[in-house]
Amino acid sequence: MNKQRMVIKVGSHVLAEEGAIAKKRMMDLVEFIALLKEHKYEVILVSSGAVAAGFTRLPLDRTIVANKQALAAIGQPLLLKMYQEKFATFDLLCSQVLLSADVFEAKNQIAHAKVAIDTLLANNVIPIINENDTVSIEELIFGDNDRLSAYVAHYFDAKLLVILSDIDAFYDKDPNLHKDAKRRAVVTEISKDELEAGHTPNNTFATGGIVTKLQAADFLMKHGREMFLASGFDLAAVKSFLIDKEHLDGTLFRS
Ligand code: ADP
């Protein structure tokens, strides 16, 4: 049976809690990835959380970008060590791949990176990708790896990107502001207004990180790929979607 390649992106709101890494949630995620591998999925993980991990050792002011870069450099090895220990309990090996969005502008760099990723996956190793925050800071400021994970899915040839977020789906309006917001189960088109909402003040779509998620979805849909947005706090929806093939919650973006 051919393995299906997928990318899972986990945001820092899910991985961090009260200034530290949420260990239980990380363990649940690792256990879920181990389960996916049993079900013949090849999994690439895009993980935020380095800044939060660094902050546990050196509480610098995180409103300053240079401090965030320093915290990411401190936290990245700590984060990987935690992943390594957790994956080891399932006899799985993981690896660290640091990328920046510009890698995807250079064909030869994409090719080098893809060879490395393919080789890791062929050897049953889980690549854990993060932005290299020392050289590129865009995702530190805006997007929290949403864009990077869409590029990873497309250029490393994954059919599906799963975004595990602090929100359980995409709604017709911001559910934190509107009690009557309705979940969109399947989205096949994203309007220009929704994609550009970040630039429009007072637009409800501009809050939180939903705009960068919609941009990621739009990019993937235009390239014939899919994105599934679901809760990272409770993995039941993503589990039933991927393992039982039942779409009970979360939003599927596909063209
Ligand atoms: P994460 O860090 O988990 O990747 P973000 O917090 O950056 O996610 O982005 C998700 C947030 O976007 C939600 O918590 C919600 O407040 C906000 N949001 C704004 N509009 C919407 C919408 N239409 N549907 C879902 N979430 C929305």
Side-chain angles (χ1 to χ4, degrees), residues 7-22 24-26 28-29 32 45-53 55 62-63 68 71-72 75 79 101 128-131 133 137-153 160-220 227-238 249-253:
V7 176
I8 296 184
K9 181 251 161 175
V10 60
S12 43
H13 287 126
V14 172
L15 270 186
E17 196 173 42
E18 289 167 11
I21 293 294
K24 165 85 171 65
R25 285 207 285 268
M26 187 191 253
D28 289 347
L29 173 68
F32 177 51
L45 178 63
V46 175
S47 178
S48 307
V51 174
F55 188 77
R62 281 178 292 182
T63 58
K68 277 194 176 189
L71 288 171
L79 185 72
I128 303 182
I129 298 181
N130 197 2
E131 188 189 46
D133 295 318
I137 56 168
E138 196 180 318
E139 302 270 351
L140 265 186
I141 301 169
F142 183 67
D144 193 26
N145 283 339
D146 288 332
R147 186 170 69 126
L148 184 74
S149 61
Y151 288 166
V152 165
L160 176 73
L161 166 65
V162 173
I163 293 200
L164 298 177
S165 174
D166 64 352
I167 193 79
D168 58 2
F170 173 53
Y171 287 81
D172 61 351
K173 45 194 161 190
D174 187 344
N176 291 322
L177 302 176
H178 304 273
K179 278 213 161 59
D180 61 340
K182 285 187 188 59
R183 173 175 76 102
R184 309 264 317 261
V186 179
V187 171
T188 53
E189 235 185 294
I190 304 170
S191 72
K192 204 165 169 278
D193 283 354
E194 287 168 314
L195 288 173
E196 288 173 2
H199 307 294
T200 323
N202 304 322
N203 185 309
T204 52
F205 281 103
T207 53
I210 204 68
V211 175
T212 50
K213 287 173 185 56
L214 294 179
Q215 289 166 350
D218 185 62
F219 172 82
L220 290 171
M227 187 178 113
F228 187 65
L229 173 64
S231 169
F233 295 137
D234 176 354
L235 300 178
V238 69
D249 213 333
T251 302
L252 176 66
F253 297 85

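Residue numbers start at 1 and run along the sequence shown. In each ligand, atom 1 is the first atom listed, and ligand 1 is the first ligand listed.
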- Query: Can you find an N or O of S12 that's nearer than 3.5 Å to an N or O of ligand 1?
  - Reply: no
- Query: Where the closest heavy atom to atom 10 (C) of ligand 1 is concerned, which of V211, L214, N176, D166 has it?
  - Reply: D166
- Query: Does L252 reach the side chain of V187, with side-chain heavy atoms less than 4.5 Å apart?
  - Reply: no
- Heavy-atom side-chain contact between R62 and L71 under 4.5 Å: yes
- Query: Which of the numbered atoms in ligand 1 are below 4.0 angstrom from a heavy atom of A169?
  - Reply: 25 (C)
- Message: Taking distance alone, with N or O pairs closer than 3.5 Å, would you say Y171 contacts ligand 1?
- Response: yes
- Does S48 approach ligand 1 within less than 4.0 angstrom via side chain, backbone, both or neither, non-hydrogen atoms only? neither
- ligand 1 atoms in contact with P175 (distance to a heavy atom under 4.0 Å): 21 (C), 22 (C), 24 (N), 25 (C), 26 (N), 27 (C)
- Pairwise side-chain contact, K173 with K182, heavy-atom cut-off 4.5 Å (strictly under): no
- Counting both backbone and side chain atoms, is some N or O of S165 under 3.5 Å from an N or O of ligand 1? yes
- Query: Does NZ or CZ of R147 come closer than 6.0 Å to the centre of the six-membered ring of F219, within 45° of the ring's axis?
  - Reply: no
- Message: Quick one about Q215 and T212 (side-chain donor to acceptor, distance below 3.5 Å, no hydrogens or angles considered), yes or no?
- Response: no
- Message: Quick one: does any side-chain atom of S12 pair with a main-chain N or O of G49 as donor and acceptor, under 3.5 Å?
- Response: no
- Message: Given S231, A181, G232, G209, identify the one with the heavy atom nearest to atom 7 (O) of ligand 1.
- Response: G209
- Side-chain contact, heavy-atom cut-off 4.5 Å: L161 with F228? no
- Note on the structure: Short version for K213: what comes under 4.0 Å of ligand 1, heavy atoms counted, is side chain
- Considering distance alone, does some N or O of F170 sit under 3.5 Å from an N or O of ligand 1? no
- Item | Expected output: side-chain E194 to main-chain L214 donor-acceptor under 3.5 Å | no
- Query: Which one holds for D144 and ligand 1: side chain close, backbone close, both close, or neither close, with close meaning a heavy atom under 4.0 Å?
  - Reply: side chain
- Note on the structure: Contact region, K9 to ligand 1, non-hydrogen atoms below 4.0 Å, reads side chain
- Query: Which of the listed options, T251, I210, L164, holds the heavy atom that is closest to atom 26 (N) of ligand 1?
  - Reply: I210
- Without swapping roles, check the side chain of K9 against the backbone of L148 for a donor-acceptor pair under 3.5 Å. no
